[in-house]
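The structure appears right after this line, and notes come after that.
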Amino acid sequence: MSLLSLLIFLPIVAGILILLLPSAWQQRYKYVALGAVLLQMLISAYIYINFDNTLSGIADQSTFQLVERIPWIRLNLGALGNLEIDYFLGIDGLSMPFLVLTSLVMLVALLASWDIQKNLKGYFALFLLLDCAVMGVFSALDFFLFYIFYELMLLPLYFLIGMWGGVRREYAAIKFFLYTLLGSVFMLLVIIGLYFSVTDPETGGHTFNMLHMMNPANYAQDSIFSVIAGQEIFGVSARLLAFIVLFVAFAIKVPIVPLHTWLPDAHVEAPTPVSIILAGVLLKIGGYGILRVCLSIFPDAAIQSAWWLGLIGVASILYGALNALAQRDLKRLIAYSSISHMGFVLLGIASATSEGISGAMMQMISHGFLSSMLFFLVGVIYERVHNREIPNFRGLALIMPRYTVFVMIAFFASLGLPGFSAFIAEAFSLIGAFNSQSINGLLPRWMAVAGSVGILLGASYLLWTLQRMFFGETRLWGGDEWKAKLTDVNGREVFALTSLALMSLALGILPSLAFDKMNASVLELIQLMNIR
Amino acid sequence: MDTFTKETISLLALIATLLPLFSFAGILLVPGSRDRGSFFSILNIATSLLISVVIFLNVWNKQPIHQQFDWFIIGDWRFKIGILINNLSALMLLLISFIATLVHVYSTKYMEGDPYIFRYWAYLGLFCFSMFGLVITDNLLLLYMFWELVGFSSYLLIGFWFTRETAVQANKKAFLMNRLGDLGFLTGIMIVFSQFQTLDVNLLFSEGGFFKRSLVQGDLWYFSSNHMPAVWLTIAGLAFFFGATAKSAQFPLHTWLPDAMEGPTSVSSLIHAATMVAAGVFLIARIYPIFNPTVLIVIASIGAFTAFMAATIALTQNDIKRILAYSTISQLGFMMLAMGVGAVAPAIFHLVTHAFFKCLLFLAAGAVIHELHHLKDKKGLDFDHQDIRNMGGLRKFMPITFITMLLASLALIGLPFTSGYLSKDAILIQSFEWAESQGSIARIIPYTALFASWMTAFYVARLIFKVFFGELRLNVLFGQAFSLHEAPVAMKSVLVVLAIFCLFPLFSLNPFHASHAWIIEGLPYFSTTPTVESYHILIPAVVSIAAIILILIGYKWYGKNEKAPDYTKAAVFRFSQEQWYLNRLYKVMFVDSVLGLARTAFSFDRTIVDGIVNFSGKIIIVLSAVSEWLDRKVVDGLVNGVASVARTIGNFVRHFQTGRLQHYLLFMILILLTFFVLKYFSQAI
Amino acid sequence: MNEYLPYLSELLSEALSGISFILPEIALVLTFLLVIVVDLFIPGKNSVNTSAIALTGIIISAYLNYQQSLSIEKGLSLFSGSIVLDRVAIGFKLIFAFVTVLFVVFIKGNTALKRHNKGLGDLYMLLPAVLLGLNLMAMASNLLMVYISIEMVSIASYLMVGYVSGEGKQTEASMKYALFGSACSAIMLYGMSLLYGFTGTISLSDGNIIAQLSHIAEPAIALAILLTLVGIGFKLSFVPLHFWSPDVYQGAPTPVTAFLSTAPKIAGFAILIRFLIPFYGYGAATGIQVFDFETTITVIAIATMILGNFAAIWQNNIKRMLAYSSIAHTGFALMAIVAIYQNGIRSLLFYFTVYAIMNMAAFMIADQVEQRTGEDDVRKYKGLGKFMKVEILCFVVILVSLTGLPPTGGFIAKLFIFTSAFEKYQASGSVWVLSLLVTGAITTVVSLFYYFKIPLNAYLREPDREYPVSSGLNFISYVILALTILIIVLGLFPSILA
Amino acid sequence: MIPLSHYMLISAALFSIGIYAVLSKRNAIMILIGIEFMLNAAILNFVAFSKHDKFAASGQVFALFAIVLAAAAVAVSLAIILNVYKYYKTIDPTKIDKLRD
């Protein structure tokens with residue numbers, strides 16, 4: 001069993017173990033989960049260290065690492081040919097960073113769930129199932145397998161939000177589920193279409209292998225998604241349509257304006273650890289999907305629609321930031337800030353330049369750490385007083401100095417203070433977007449300039465919050481009762497927050513920690529996009 | 001001391017830069033180090049100063065030092081960072097470390113007794129680190145990073161007393177306005193990177209650098225194989241200048257600086273008078289070749305206008321720090337003006353002299369405030385200890401403070417024998433020469449500056465006379481005789497040292513003529529305007545004589561006894577006192593409108609975007625089950641628009657499920673018939 | 001008559017030789033008789049004997065079917081072309097046997113039926129009979145056989161629905177069912193008579209039938225075929241022949257509902273396939289379309305999917321909701337019928353297997369809930385997740401499978417249907433097929449609304465009454481668990497079914 | 001010889017009458033009778049067409065089976081209607097609508 005399988009199935013094993021343990025031991029479940037997550041963390045650290053920077057991946061199986069390819073489903077469907085589905089895992093520079101990110105975010109989320117009291121068995125089992133699904137999405141190279149993991153994420157999330165969430169949890173949970181399902185059902189249709197269009201050059205049969213889908217030579221002459229045939233559906237190029245469908249499916253996850261309305265609800269209603277996972281990892285699946293699937297399989301359509309992607313990115317940046325500015329609920333504010341920050345990802349990706357895509361990748365990783373940190377911080381006060389309305393707090397810096405320090409680190413890091421990862425990420429997303437006009441002519445320069453306004457707005461809402469909640473004389477809505485409850489961060493919290501802050505700082509000072517690993521893949525991806 | 005190799009010097013510069021960072025990290029992270037924060041910080045900054053001296057001696061008027069390292073690779077592009085020390089940066093390094101050291105020493109007394117003083121030392125460390133980094137780095141991106149870090153540490157220091165509402169408002173404003181400027185900086189970086197694929201300052205802006213090699217032809221701006229519309233060259237210049245505008249508090253982004261006075265006075269003197277605000281001027285000097293003539297005219301106009309505007313405002317302010325703040329803005333305007341007219345070296349020269357005398361002014365003012373504050377605390381009185389209307393006659397109590405501050409004031413006014421005279425007149429002269437070559441309209445610029453210079457004399461006189469002459473007005477206010485003390489030694493000695501630097505000999509042996517000042521000789525001269533000899537005599541004379549007259553008027557009005565005509569009702573006075581109403585204007589224009597936009601966006605989000613999904617087709621639902629739908633079924637997990645439509649359709653088909661057998665059969669047959677007819681007879685019909 | 005005498009012995013010997021191929025059916029006939037006899041002589045409420053006999057007979061028949069599946073390679077036409085025995089038919093028969101066995105288990109677990117004062121002997125008697133009818137439906141290859149088998153299943157079903165008749169609703173359901181069904185079969189019979197008149201033959205496997213039809217005016221053929229389809233559609237309950245099903249499903253005893261929504265429906269598909277294949281084959285061979293099945297069935301499929309899913313949103317009665325869900329699934333399976341190819345039936349068979357498991361499991365769980373809490377209203381499921389832990393957990397998996405999400409068998413089944421429809425689209429480029437695909441996708445999302453009402457109530461809401469800490473597991477719970485695991489295994493390794 | 005079309009016309013008329021009865025009568029028994037009309041229409045067709053199907057005479061066989069099965073169906077239906085009457089005290093199908101949406 002290779003490392004990737006271990007990474008994926010370790011949580012499942014732990015989850016089953018938890019299910020089998022008697023309920024009398026329910027206080028120990030979290031240690032089982034912690035063990036699994038820590039082990040996962042070690043494995044991903046090992047993978048990171050032993051990752052070969054020079055291998056590019058993207059479309060060539062031989063340059064993927066830790067490849068595992070086992071025939072899984074072989075079904076004779078008569079005239080439809082043989083259904084060939086492989087258990088096909090592998091990582092390259094685009095996916096490896098996310099494995100590391102996921103394992104760290106999961107660890108933090110687990111630490112944030114330390115005080116969960118309700119139905120522990122179900123909680124940790126679902127948590128670990130989610131962990132498994134996320135790891136699977138990032139390492140699957142067979143589209144069918146990818147889709148299975150992709151959908152598998154929905155259920156645990158539905159229950160995690162729905163059962164352990166806030167007041168309007170039912171609404172938020174189903175809304176989230178529906179949005180995502182709406183995207184993914186149509187994705188399934190495109191997957192089937194791709195299956196029929198692509199043949200495996202080795203066996204001649206149809207295949208779900210994503211890598212084969214990236215090579216135009218593998219498309220059957222008259223197939224619907226054939227590059228040469230250029231078939232049309234309702235007068236729109238089939239490939240463009242498929243790209244749009246896939247893009248929408250992933251963009252819902254990212255999320256983009258105007259497909260974002262699930263996000264504030266889901267984040268706000270979800271319990272803290274789930275918000276951490278949502279913001280820290282799940283949003284990245286959207287971005288990852290766009291890179292791995294939309295750009296790689298439909299580069300022609302991607303280039304065709306780059307202008308719109310860029311526009312959506314800019315719109316998300318500005319719109320998310322403006323919305324954040326209007327919030328009174330701290331968690332909602334951070335949720336909207338996520339929309340804004342993820343807009344940079346889209347802008348960077350749309351530029352199709354090495355700076356832009358690297359910046360987008362960096363932004364995803366950085367946002368993974370920082371948004372986890374932010375949601376963790378919200379969780380800290382929410383856990384203590386069950387309130388997170390910004391106007392209800394004032395002068396927290398006096399009673400919670402260490403907490404305030406972490407808040408400041410997190411806020412300033414997210415608003416792009418140099419030295420933290422978000423700065424490098426946003427700067428290069430924007431530089432890439434600006435550069436695009438000169439290099440490939442995809443995005444007009446004003447988009448980058450407009451996007452940079454998001455940096456200013458980002459500073460505005462975060463600083464305003466800082467001023468309103470943390471500075472000034474202490475004045476709390478809940479009076480002395482709150483004052484007694486609002487104790488400063490404890491050791492577990494400090495550990496989680498520090499590790500996230502350090503990751504962000506490390507990436508900000510030594511971006512090469514991430515860039516070196518992904519460079520070959522990014523270049524390969526751009527090469528792939530420009531071939532056609 | 002020429003024995004140092006390039007590598008050693010780079011290493012030294014690095015050490016000098018990192019030492020304050022160690023104070024920052026050490027004080028905050030190492031347990032138990034908080035109590036020894038001052039010692040630790042002073043040690044570090046003093047070492048930095050020492051190193052800076054060494055570096056200065058090794059670099060000044062010698063080969064610049066440029067060392068590079070790989071930072072990271074992105075795409076095909078190898079991102080290098082490094083240290084570039086030429087005359088300019090060596091000078092800045094020395095200046096900053098020197099003033100920072102003095103301010104550190106001063107602060108030991110000034111901040112004594114503050115419970116969170118360890119944070120003060122830490123923040124100062126961070127600031128010094130960022131500032132050093134800013135001046136020695138060779139890369140625009142890194143420059144930008146330090147640029148922001150400087151802003152960040154300024155944010156921390158302005159809001160040092162974070163329980164004060166005004167302080168946190170002020171630091172937010174400062175950071176945001178600087179952010180706004182940063183957008184310009186970033187845009188500039190994007191343009192430069194896009195055109196040249198590098199951000200190396202040396203490659204870009206040195207003699208024979210990329211900028212010199214790029215050329216504008218027609219509407220396009222070429223460099224090797226790249227080209228973009230020529231307008232981007234102008235935009236780049238404007239963008240960088242916009243960045244500098246924010247940091248150096250130029251119109252229209254100057255309003256943060258007076259508010260920033262909420263920070264401790266020592267901070268104001270270091271950051272908001274001497275060093276950080278000068279970063280904008282430094283930036284422009286560093287990247288000077290990027291500016292094309294259009295941009296230069298903009299710079300000159302903005303500089304002159306700022307100088308003038310800030311001076312008019314300073315005329316009527318009563319808060320001692322606010323007067324100094326506006327005076328800083330005004331002086332920065334002079335520097336910008338100098339940049340605009342091509343007087344880079346005089347601008348930097350003025351930067352240096354201004355750093356000393358303005359720092360001194362602030363520190364002396366700090367001493368005054370410190371004493372008054374003490375008095376206030378001791379006697380439990382309630383008055384504004386920064387309001388000059390409460391002061392007066394202090395020269396009796398604080399002679400050293402008075403003398404040093406007087407010297408600094410003279411330098412600020414620009415009277416002969418002071419450093420300010422040398423630098424300011426150099427600027428004025430050159431701007432007149434420039435205007436000569438530019439034509440008639442451009443003359444407005446130097447004349448504006450001239451007026452500003454005169455007003456400077458008046459408001460400085462007003463300040464000095466009100467604070468140090470006459471009687472202590474507190475005595476009148478509270479009806480008892482107070483007595484004050486001279487500042488403690490640590491503060492006093494700093495004032496004296498700085499006062500020495502307000503005099504001419506350290507800068508030029510000729511007290512009347514700046515053209516042979518060593519700083520000017522050591523810096524590049526970009527100006528091409530012809531020298532007009534008459535100006536070199538005429539202007540200093542006019543400036544000085546007028547200044548002296550104004551000082552006398554000031555003395556008459558404010559000095560002995562209050563005989564100032566009452567202008568407080570005059571519109572012009574109000575206009576000046578309300579700082580040209582710019583704050584309010586900005587609030588209405590930007591803050592309110594952005595917040596309004598944000599609220600609109602949010603309600604748009606709630607009602608329209610969500611609504612398009614949520615409420616499509618809801619009208620039909622409303623007919624069937626409004627009340628139930630709203631309270632219970634909304635939560636039934638069936639809320640989205642898809643849901644509404646789905647439910648509508650579902651409800652529609654449900655009507656056919658009447659429970660009556662014969663209806664079922666009838667519907668069935670009707671549907672079949674309809675299908676049949678449509679399929680086979682539709683053409684016939 | 002004399003003129004036929006020379007052929008008589010030939011016919012007889014053919015009939016006799018065919019007998020060896022209908023051993024499973026013979027076993028069922030014998031079981032049927034045996035159950036009647038036993039029930040007659042050992043009367044009373046104790047139905048252990050009858051159930052055991054019925055079960056044994058069904059299992060033997062299933063085993064015989066399995067044996068056949070090993071030996072039969074290509075289709076055999078038996079009894080003068082009345083029935084055809086091929087792998088597809090055997091596949092269907094195995095599904096029916098499986099469903100019937102589950103049905104027996106289900107009846108045994110249902111206390112309401114057990115308590116009935118008539119005893120269950122009659123019900124067990126009906127089982128072999130209805131299974132026989134189902135088997136014949138799977139094999140029928142002429143119109144007469146189609147009619148007979150459909151009527152056999154129908155009459156037995158009427159009886160089962162009205163069997164307990166402990167309350168008004170049940171009798172109402174059975175009356176609606178019987179009258180609607182009779183009317184439909186009468187209409188079908190009329191359609192068949194027209195078809196017979198147009199072609200002069202009742203054989204479906206005979207290629208001539210189409211050739212004959214091509215000489216007749218198109219509307220006339222259409223009328224005959226549409227009328228015939230009414231009878232088949234009644235079994236499938238597609239639009240517009242679905243009206244009976246929600247009412248009947250709600251009214252009938254839950255095990256019967258489970259059975260009715262599974263086996264006869266699948267059998268209806270078997271007949272539909274038999275009916276269509278000659279037409280498709282002829283169309284493919286000659287390029288002449290005597291009837292536009294593609295459009296007709298596409299329209300029906302779209303309407304059925306939309307109606308089933310959208311109407312289900314409004315239901316709060318679990319059985320009614322599942323009834324609409326089964327209508328929706330019919331529509332989905334019709335998608336594959338549009339796209340059917342000679343061998344594409346395999347994916348359809350997979351779909352039906354999965355559907356049978358999911359549907360039976362869903363009804364079993366619903367029945368368990370009703371038995372233990374007395375609730376058949378989904379809104380009253382609040383907090384059940386803690387009370388009936390295993391059952392509700394299984395319910396969630398089953399519902400996920402019904403929605404068609406991985407990693408369940410329902411997903412693979414849905415994938416197969418989509419796959420064959422997509423293949424059809426790629427071959428034909430027809431907008432109709434594309435709209436089928438899109439409808440299928442959208443209705444999948446819609447189905448989430450109502451399926452997830454159950455976990456929503458069971459897990460996300462607090463109970464409004466006191467439940468004991470946890471209810472224990474009974475035999476049915478283990479069956480449910482086994483079925484659930486089977487669904488997941490089929491989702492991960494669908495190859496095992498091949 | 002009576003032409004085939006006459007049979008078909010009569011059978012169509014029977015069928016239509018049957019449908020009318022099924023749809024309009026307020027009595028379940030009458031509906032059942034309507035169904036019988038429809039069945040008989042079909043059976044008449046079969047017999048009539050069978051004349052032209054000399055070899056197999058499938059139509060006649062079909063008719064026989066149909067008669068038998070119709071009888072069985074009617075028997076079951078009658079029993080059920082009886083049951084309904086027990087609970088509803090009516091056999092008017094328009095009043096038997098407890099099961100509905």
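Naming: A, B, ... by sequence-line order, numbering from 1 per chain. Owing to the predicted nature of the structure, the values given are computational and were not obtained by experimental measurement.
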- Query: By a 4.5 Å heavy-atom criterion (distance strictly below it), what part of Thr296(C) contacts chain B: side chain, backbone, both, or neither?
  - Reply: both
- Message: Aromatic contact between Phe234(C) and Tyr177(C), with the criterion being ring centroids under 6.0 Å apart: yes or no?
- Response: yes
- Query: Tell me, do Lys173(B) and Ile158(B) make a side-chain contact under 4.5 Å, heavy atoms counted?
  - Reply: no
- Task: Sort Val230(C) into side chain, backbone, both or neither according to what part of it lies under 4.5 angstrom from a heavy atom of chain B.
- Result: side chain
- Query: So do the side chains of Leu180(B) and Phe242(B) get within less than 4.5 Å of each other, counting heavy atoms only?
  - Reply: yes
- Task: Could you walk me through whether Asn316(C) and Asp377(C) pass side chain to side chain donor-acceptor pair (under 3.5 Å), step by step?
- Result: CA-CA 5 Å; Asn316(C) 288 316; Asp377(C) 189 325; 5.1 Å; no
- Message: Can you pull out every salt bridge (charged side-chain N to carboxylate O under 4.0 Å, His left out) where at least one residue sits in residues 302-325 of chain C? Sequence neighbours excluded, please.
- Response: Asp247(C)-Arg320(C), Arg320(C)-Asp101(D)
- Item | Max heavy-atom pair count under 4.5 Å with chain B, selected residue of Leu448(C), Thr443(C), Asp292(C) | Asp292(C)
- Item | Note, Leu229(C) side chain near Leu241(C) side chain (heavy atom, < 4.5 Å) | no
- Query: Is the ring centre of Phe69(B) less than 6.0 Å from the ring centre of Trp71(B)?
  - Reply: no
- Under 4.5 Å from any heavy atom of chain B - which part of Leu460(C): neither
- Message: Heavy-atom cut-off 4.5 Å, strictly under: side chain, backbone, both or neither for Ile187(C) against chain B?
- Response: side chain
- Residue by residue, which of residues 666-676 of chain B have a heavy atom closer than 4.5 Å to a heavy atom belonging to chain C? Phe667(B), Met668(B), Ile671(B), Leu672(B), Phe675(B), Phe676(B)
- Message: Counting only non-hydrogen atoms closer than 4.5 Å, does Phe452(C) touch chain B with its backbone (N, CA, C, O), its side chain (CB onward), both, or neither?
- Response: neither
- Among Gly308(C), Pro246(C), Ala183(C), single out the residue with the greatest number of heavy-atom pairs under 4.5 Å to chain B. Pro246(C)
- For the residue pair Lys235(C) and Ser154(C), confirm or rule out a side-chain donor-acceptor distance under 3.5 Å. yes
